[in-house]
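A note on names: the letters A, B, ... follow the listed sequences, proteins ahead of strands, and every chain is numbered from 1. This structure is a prediction, so every number in the text was calculated from the model and none was measured.
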Number of protein chains: 2
Amino acid sequence: MPLRPELSLAQRKRQLVSDELTGAALKLLARKGFDAVTIDEIVLAAGVSKRTFFRYFASKEDVVIQFLSEMGASMRAELAGRPAHEPPSVALRHAVWVSIDACAGHADGALRVVQLILGTPPLLARFLERQAQWRDGLAQELAHRLERDPETDLYPQLAAGMALTAYGTVLQRLSDSDGAEDPATLTDRAFAVIAPALDTPVQAPGPSRARVSSSAAGEARISRVAET
Amino acid sequence: MPLRPELSLAQRKRQLVSDELTGAALKLLARKGFDAVTIDEIVLAAGVSKRTFFRYFASKEDVVIQFLSEMGASMRAELAGRPAHEPPSVALRHAVWVSIDACAGHADGALRVVQLILGTPPLLARFLERQAQWRDGLAQELAHRLERDPETDLYPQLAAGMALTAYGTVLQRLSDSDGAEDPATLTDRAFAVIAPALDTPVQAPGPSRARVSSSAAGEARISRVAET
DNA sequence: AGCTCCCTTGACACTTAATGCCATGTCGGG
DNA sequence: CCCGACATGGCATTAAGTGTCAAGGGAGCT
């Protein structure tokens, strides 16, 4: 009756193999670089067959990316859990923070993994693709939260994109500074920059949208870009 | 004396082969989908050897990506050419526009290529990676333009990132609507959303940055995210 | 216990992407 | 006419990724 031993043992076994694989891969990749490591080496270190590797990961990139992967769901969950009255900039900052905190805070080699990703073009590419999925999820959540129609309104997509831009920029700094800079401060500063756009209200998408931006620069106006 | 016949003939020959390859590849990929087409098919259609293909493109993805590739340089050049007094939101909008215009306006299958990229994960990944490079270029240009120090100031990276977020969102809409929506209008609307952040001045990165966002929501404040 | 069903694994074969190496051909210049 | 630079093609090779099949080991049932 393995109906409730937390997890069905078969699943725990599966998790075990996955962890072993991830561990071996991360260790090798961090030491020798991404393309200097073959899958054969990884499976040798992990003690499974190559075929099994591909039953757990779709590609060599996936071993690394999946490691940071639940974060997408975490971010969305955090956003969904924020109080409804919170302005977007604050809710999104908290959402993004759960991921940044996991990367920087989690004392183990999480930072090293980020550096590996950011410094390896194929990994970066996959990571950005994953982020695009996160963005869609956040946008959906935002649209629901603010009762905006994602079909006509550009705001949800843009707001989610801006938040993830901040996310990426913070990770970049963290990586470049080798963890020396403070993640929380960086996050605050980044969101201070994008907040004016995140928290500007209405944006009525009507046909005559001639409005003035809330910019303090006293310049930028809406004007057609037309045939320049 | 081939010292000035426009281009050295050898280079024109090279361009010819490249075009042939690109044309054959794009035609096949658009019809059969990305991974249903092998390089052997492409080189057969183009009439060159497989080995030659890889002398022109680093990978199958590159055939498609390089097609939209000069755009990065174009965007940066446009930004560099905008009058210095122009607020960032306007200058960036014009910069991004040169690429959007090329995608949507250029009557040939440019839109089809965009749809192919956006609908094919590996291509999307490479495309986003390329965009990240563009972003660094734009950020550098912005930093120079506004005399901000890219080492300490997050604004250049974030502003460039926001502009490219707008870019990507517009492309997405264009792709989804099959070109039905007006590119110029979409671009204007997208930049209307992000402009408040782009054109907000100072952002002094001093140690005590407790400031109020310019939000009209009358809410969003800067507060430490800290240990939530 | 014995049986069966299902899931996981490993081994083998195979396709395809991508790179290295070398021989050949061609253009252009001395 | 010869020579060097460069582009090409063919060949061999590594590595990624997939399909298939047979064996093993739990879990449930009788």
Side-chain angles (χ1 to χ4, degrees), chain A residues 1-22 24-26 28-29 32-66 120-126 129, chain B residues 1-22 24-26 28-29 32-66 120-126 129:
Chain A
M1 78 321 232
L3 286 173
R4 271 303 75 191
E6 213 52 35
L7 265 94
S8 68
L9 182 121
Q11 286 179 305
R12 275 182 298 168
K13 257 176 71 177
R14 201 174 163 74
Q15 187 63 41
L16 202 76
V17 178
S18 176
D19 290 349
E20 190 66 26
L21 236 16
T22 302
L26 252 37
L28 285 171
L29 291 175
K32 305 177 54 178
F34 181 72
D35 34 33
V37 176
T38 70
I39 302 221
D40 293 274
E41 292 182 79
I42 298 175
V43 298
L44 185 72
V48 299
S49 73
K50 176 159 64 174
R51 196 65 189 82
T52 293
F53 177 93
F54 286 106
R55 288 197 179 94
Y56 284 81
F57 305 100
S59 67
K60 199 164 65 164
E61 287 92 345
D62 267 40
V63 193
V64 189
I65 300 305
Q66 247 187 47
T120 309
L123 285 177
L124 176 61
R126 294 285 188 133
E129 183 204 346
Chain B
M1 80 322 234
L3 285 174
R4 270 302 76 189
E6 210 53 36
L7 265 91
S8 69
L9 182 124
Q11 285 180 307
R12 275 181 298 168
K13 257 176 75 177
R14 203 173 161 75
Q15 186 63 39
L16 202 77
V17 177
S18 176
D19 289 350
E20 189 67 26
L21 235 17
T22 303
L26 252 37
L28 284 172
L29 292 176
K32 306 176 57 179
F34 182 73
D35 34 33
V37 176
T38 69
I39 303 223
D40 293 273
E41 292 182 78
I42 297 174
V43 299
L44 185 71
V48 299
S49 75
K50 175 157 62 175
R51 197 63 190 81
T52 293
F53 176 94
F54 285 106
R55 289 197 178 94
Y56 283 82
F57 305 100
S59 69
K60 199 163 66 165
E61 288 93 344
D62 266 40
V63 194
V64 189
I65 300 305
Q66 246 186 47
T120 309
L123 285 178
L124 177 61
R126 292 286 187 132
E129 184 205 346

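- To the nearest angstrom, P of dA15(D) lies 15 Å from CG of Leu29(A).
- In this structure, Tyr56(A) and Thr22(A) have side chains that are not in contact, with every pair of non-hydrogen atoms separated by 4.5 Å or more.
- Residues Arg51(B) and Arg55(B) meet the side-chain proximity criterion, which asks for heavy atoms closer than 4.5 Å.
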List the steps, then state whether side chain to side chain contact (heavy atoms under 4.5 Å, CB included) holds for Val63(B) with Leu21(B). CA-CA 8 Å; Val63(B) 194; Leu21(B) 235 17; 5.7 Å; no
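- Rounded to whole Å, the distance from NZ on Lys50(A) to C1' on dG19(D) is 14 Å.
- As rounded to whole Å, 13 Å separates atom P of dA17(C) from atom CG of Leu123(B).
- At a threshold of 4.0 angstrom between heavy atoms, the contacts of Val37(B) are confined to the sugar-phosphate backbone, with no base atom among them.
- Note: CZ (Arg12(A)) to P (dC7(C)) measures 18 Å, nearest angstrom.
- Contact of the Pro122(B) side chain with the Lys60(B) side chain is not registered, since no non-hydrogen atoms from C-beta on lie closer than 4.5 Å.
- Side-chain proximity of Ile39(A) to the nucleotides dG17(D), dG9(D), dA17(C) is greatest for dG17(D).
- Backbone-only contact: Lys60(B) has heavy atoms under 4.0 Å from sugar-phosphate atoms and none from a base.
- Note on Tyr56(B): every side-chain N or O is 4.0 Å or more away from OP1 and OP2 of dA7(D).
- Nucleic acid contact class of Phe53(A) (heavy atoms, under 4.0 Å, all strands): none.
- Ranking dA18(C), dC21(C), dT18(D) by closeness to the Arg51(B) side chain, first place goes to dC21(C).
- Taking only side-chain nitrogens and oxygens, Thr52(B) never comes nearer than 4.0 Å to OP1 or OP2 of dT8(D).
- In this structure, the nucleotide among dA17(C), dA16(D), dA18(C) sitting nearest to the side chain of Asp40(A) is dA16(D).
- Atom CZ in Phe54(A) sits about 13 Å away from atom P in dA15(D), given to the nearest Å.
- Taking atom CG of residue Asp62(A) and atom C1' of nucleotide dG17(D), one finds them 12 Å apart after rounding to whole Å.
- Atoms NZ (Lys32(A)) and C1' (dA15(D)) sit 14 Å apart, rounded to a whole Å.
- Note: CZ (Arg14(B)) to C1' (dT8(D)) measures 11 Å, nearest angstrom.
- A 4.5 Å side-chain heavy-atom check between Val43(B) and Thr52(B) finds every atom pair outside the cut-off.
- In this structure, of dA18(C), dG10(D), dT9(C), it is dG10(D) that holds the atom nearest to the side chain of Arg55(B).
- In terms of position on DNA chain D, the residue among Val17(B) and Glu61(A) whose nearest nucleotide sits closer to the 5' end is Val17(B).
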